[in-house]
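Presented below is the structure to which this report refers.
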Number of protein chains: 4
Amino acid sequence: MIISLQLESDTPLYEQLRNQIVIGIATGELAPNEKLPTVRQLAEELGINTMTVNKTYTILKQQGYIVIDRRHGAKVSPPKEDNPAPSPQLEEQLELLIAQATIQGIDQSRFQALCSQIFAKMTYRHS
Amino acid sequence: MIISLQLESDTPLYEQLRNQIVIGIATGELAPNEKLPTVRQLAEELGINTMTVNKTYTILKQQGYIVIDRRHGAKVSPPKEDNPAPSPQLEEQLELLIAQATIQGIDQSRFQALCSQIFAKMTYRHS
Amino acid sequence: MIISLQLESDTPLYEQLRNQIVIGIATGELAPNEKLPTVRQLAEELGINTMTVNKTYTILKQQGYIVIDRRHGAKVSPPKEDNPAPSPQLEEQLELLIAQATIQGIDQSRFQALCSQIFAKMTYRHS
Amino acid sequence: MIISLQLESDTPLYEQLRNQIVIGIATGELAPNEKLPTVRQLAEELGINTMTVNKTYTILKQQGYIVIDRRHGAKVSPPKEDNPAPSPQLEEQLELLIAQATIQGIDQSRFQALCSQIFAKMTYRHS
DNA sequence: GTGGTCTAGACCACA
DNA sequence: GTGGTCTAGACCACG
């Protein structure tokens, strides 16, 4: 999996990293129960500090995306059951996103098409 | 227009303010070419520092949501022509949002329904 | 409020600190909405690193014990409503504690007396 | 006796194992002077490293819960005489637990009821 | 060899 | 002046 960090960005490194891993999980590039690279490996590979990677892993663990097995390191969490109730934060963020899209001149059908296109990339399976 | 800030939130005040104004524009609560309160008025009304409001206005201007006329203060930008090409940032944010939704167990149809629901809320206020 | 850390202990510093602050809140030594010392102050006072204190504050914030206001630093959270449903972890920890007490030869009435004694120290108020 | 370990838990394996054995002793599931399985047996049964089990036994011995006889292996210690003086660690842990409960909004009567409930569960298994 | 903890010191974002 | 982020490098706990 390819990860690219922008050092000049205003979003912190640990958050950029977290986001890319989350997307990796959703697209299936990182399969459920797949082992993630060790903190040190990833830190060296990305040219950043181990503690930054460590923080990312801690957050991903807290948010339930990964699981840390003391014997084998970090693994992707097994998939969740279907949950039809979206979290309030998700709704809030989506509302803001739709507001911005609307002002940009993107109407509903265009937006829904964009969603479909992104969903097509996500091959996440609930096996 | 009612603006409520959470002083204890993780998102900075200037960003909360920016987001609420963006939503206000999208819903039509703030009409195109409508005059916004002055920095000082808004700061006092919200009980926050003028520099914070100033930063918000600067960002909104940079992002094209408002125009600042030295003589008449800040105004909401005129509406954009229909633009079928979404900005890269929008796509990126939407991708992350959809990734998180997918992992939460929300499937495409459920997500699209949520979008429709939010669009309906906006259009309703609009008219 | 007096805080004493044991550097030789096997419980990490940030956890010792977290525990003592929690007890401080419960006893009322730290009142609701009271301002906590800044990260730097506390770090210097205790002779430890700022990041250690920072980690403690982050955890306390995540667990809802404190709230971080960007303008004024960290504050004790306002008191919770009465909640008669104990968390599963609390039950689990209490079960282990009671098991150990039982093996030590402490019977139920003695244990309950000990609880009463500790409760007497807690002057926490739901104002 | 059934022992279930969570490999992904924050609490180390040797500690999980130690806790479950302590509870087993308190409930009477493991009777005084009962022989425990050998380190190798238990390790194989649980699918973990022998060093982990070894560490658990060492700790249990240090804390007086078991005695290790080189000829006959590990046995549960004989019951203690009634000892009305709780250990300082116990008090400390209980204080922290009660502090957390208090802040959660659980009052004394509710907490005492919870204690009674747990004592009842233990005594029930005991008899 | 893994992640967890801690340090000393630096710079930045926020208000 | 506050907390947030990041670094380089060290040591420890766990298995």
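Quick note: numbers below take in every heavy atom, side chains included, and nothing from hydrogens, waters or symmetry partners. Lettering follows sequence order; numbering is per chain, from 1.
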[X] to [Y] - nearest heavy-atom pair and separation:
{"X": "Tyr57(C)", "Y": "Leu36(C)", "result": "OH-CB, 3.6 Å"}
{"X": "Ala26(C)", "Y": "Met122(C)", "result": "CB-SD, 3.5 Å"}
{"X": "Ala74(D)", "Y": "Ile66(D)", "result": "CB-CD1, 4.2 Å"}

Consecutive-pair stems (at least three Watson-Crick or G-U pairs, under 3.5 Å) that include DNA chain E:
E:1-14 with F:1-14
Any side-chain heavy-atom pair of Glu95(D) and Ile23(C) under 4.5 Å
yes
Could you say whether His72(C) or Lys55(A) is positioned toward the 5' end of DNA chain F, judged by the nucleotide with the nearest heavy atom to each?
His72(C)
Over how many whole Å does the gap from Asn54(B) atom CG to dA13(E) atom P extend?
17 Å
To the nearest 0.5 Å, tell me how far Ser87(B) OG sits from Glu92(B) CD.
9.5 Å
In this structure, CG of Leu13(C) is separated from CG of Leu5(C) (nearest 0.5 Å) by 6.0 Å
Looking just at side-chain N and O atoms, do Gln62(C) and Gln62(A) make a donor-acceptor pair shorter than 3.5 Å?
yes
Go through the steps for Gln63(D) and Gln100(C) under the test side-chain hydrogen bond (donor to acceptor under 3.5 Å, both in side chains), then give the verdict.
CA-CA 10 Å; Gln63(D) 298 177 337; Gln100(C) 291 173 164; over 6 Å; no
Nearest-nucleotide wise, let me know which of Leu13(C) and Tyr57(A) is further upstream toward the 5' end of DNA chain E.
Tyr57(A)
Sorted by position of nearest nucleotide on DNA chain E, 5' first, the leading residue of Thr52(B) and Leu7(C) is Leu7(C)
Residues from residues 35-49 of chain C lying under 4.0 Å of DNA chain E - heavy atoms
Ile48(C), Asn49(C)
So where does chain D start and stop touching DNA chain F, 5' to 3', when the test is distance under 4.0 Å to a non-hydrogen atom?
dC14(F) to dG15(F)
